[in-house]
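Each remark here refers to the structure printed beneath this line.
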Amino acid sequence: MSVPILDLSRSFNEIKPEVFDELEKIFASQSFILGSYVKNFETHCEKYLEIPEGSAVGCASGTDALLLALMACDIKEGDEVITTPFTFFATSGAIARLGAKPVFVDVDYENYNINLEDALNKITDKTKAFLPVHLYGQMCELEKVISKFHDKNIKVIEDSAQAFGAFRTVDGKIQRAGTVGDIGCYSFFPTKNLGGCGDGGMVVAKDLEVAERLKRLRVHGSGKTYYHDEIGINSRLDAIQAAILDIKLKHLEKWNEERRKSAEFYKLLIKANNLQEFITPPSETENNYHIYHQYVIKVKNKRDELMNYLDENGFSVRVYYPLSLHLQPCFKYLNYHEGDFPVSEKLSQEVLALPIFPGLREDEQEKLIEAIRKFYN
Ligand SMILES: Cc1ncc(COP(=O)(O)O)c(C=O)c1O
């Protein structure tokens with residue numbers, strides 16, 4: 001048996017006829033960029049996320065969503081943005097592209113997210129934004145610190161690229177990833193839990209004036225066509241992505257639930273096979289609804305050997321991420337060194353993502369965990 005890290009075709013088969021119907025309509029209209037499909041999708045996201053009408057802005061990718069969010073907060077050269085070194089490159093890449101300085105803070109060993117208390121300690125008079133990541137689909141406990149950032153006029157931008165639909169329950173109320181801070185950013189890259197058939201992203205803003213500005217920034221800073229109030233970028237969501245994402249959005253709750261069920265089953269299997277001594281399942285922080293965009297275990301010893309063994313036996317696994325961002329060659333100029341963020345560095349040696357996606361079967365999970373048991377035997 002072989003198990004892929006991701007098989008998108010299993011969930012796509014559920015929606016295939018509907019997708020092809022919509023594609024026919026789009027090709028008949030020959031209208032491909034922004035337009036009514038994008039507007040509809042934005043409206044449906046606003047309803048799903050329970051945020052005000054007009055606050056969601058589709059764009060070309062999750063990376064652009066971050067860039068647009070930072071631009072809308074006027075982040076520029078000389079500014080500091082506090083963020084995590086244990087994430088996909090785009091998070092700090094967007095900060096650096098605007099000439100600002102990513103100020104890294106180590107992460108929590110249990111839930112992989114940025115250490116919020118340490119983040120507060122990194123505030124200086126140059127800090128203009130705080131950019132946490134809800135890594136692998138699990139939210140940070142932002143409610144604990146948000147007012148402390150706001151008191152100092154620091155914007156909070158959530159990188160929710162991996163967490164569409166994840167939430168926390170705070171004082172009996174649901175807070176969805178991306179809707180807690182000033183701006184939330186999402187990625188619709190095909191492998192994401194809400195993914196299109198190409199690149200796509202979205203920014204959501206608390207302040208509707210900021211949302212309006214984001215709508216201008218995504219079309220070269222233009223409010224009225226060919227008149228430019230400021231310098232923006234070209235970052236438009238297209239009709240094909242919006243149509244497919246709109247169909248998938250209707251299934252998202254069910255698919256996120258499926259992911260949670262698979263996560264629960266992995267946990268059971270790890271325990272039933274007495275593997276806790278070798279591997280640690282991911283933990284869900286209290287009051288969190290983790291959507292398990294990734295199911296990431298910690299492997300105490302021989303992570304790479306285990307990965308190769310699984311690979312040779314047909315089980316596809318991945319390491320997200322093998323090199324902490326403060327050690328990336330392109331960030332040498334920031335003057336960070338090995339040992340600066342010990343938890344992030346340790347995690348990059350220990351983490352291993354197992355297959356998780358809607359349609360993953362229990363027998364596939366059983367075989368994979370059995371293979372891990374054989375490796376340690
Ligand atoms: C945490 C995080 N931020 C940002 C991005 C960038 O998204 P995109 O690939 O859509 O540009 C990703 C995508 O992998 C991500 O995982």
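Basis for what follows: all heavy atoms, side chains included, without hydrogens, waters or symmetry-related copies. Each residue takes its place number in the sequence, starting with 1. Atoms within each ligand, like the ligands themselves, are counted from 1 in listed order.
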More than 12 heavy atoms of other groups within 6.0 Å of Lys152 NZ: no
Does the side chain of Lys206 reach to within under 4.5 Å of the side chain of Ile183, using non-hydrogen atoms? no
Please state whether the rings of Phe149 and Phe130 are parallel, tilted or perpendicular, taking 30° and 60° as the class boundaries. parallel
Given Asp7, Ile244, Val19, the one that forms side-chain contact (heavy atoms from CB on, under 4.5 Å) with Phe12: Val19
Side chains of Asn111 and Thr285, donor plus acceptor under 3.5 Å: yes
Applying the salt bridge (charged side-chain N to carboxylate O under 4.0 Å, His left out) criterion to Arg213, which one of Asp207, Asp74, Asp229 satisfies it? Asp74
When you check ligand 1 against the protein, what N or O pairs turn up below 3.5 Å? List the atom names and distances, or just say none.
from	atom 1	to	atom 2	distance (Å)
ligand 1	3 (N)	Asp159	OD1	3.2
ligand 1	3 (N)	Asp159	OD2	2.8
ligand 1	7 (O)	Ser187	OG	3.4
ligand 1	10 (O)	Gly62	N	2.8
ligand 1	10 (O)	Ser187	OG	2.7
ligand 1	11 (O)	Gly62	N	3.3
ligand 1	11 (O)	Thr63	N	2.8
ligand 1	11 (O)	Thr63	OG1	2.5
ligand 1	14 (O)	Lys192	NZ	2.7
ligand 1	16 (O)	Gln162	NE2	2.8

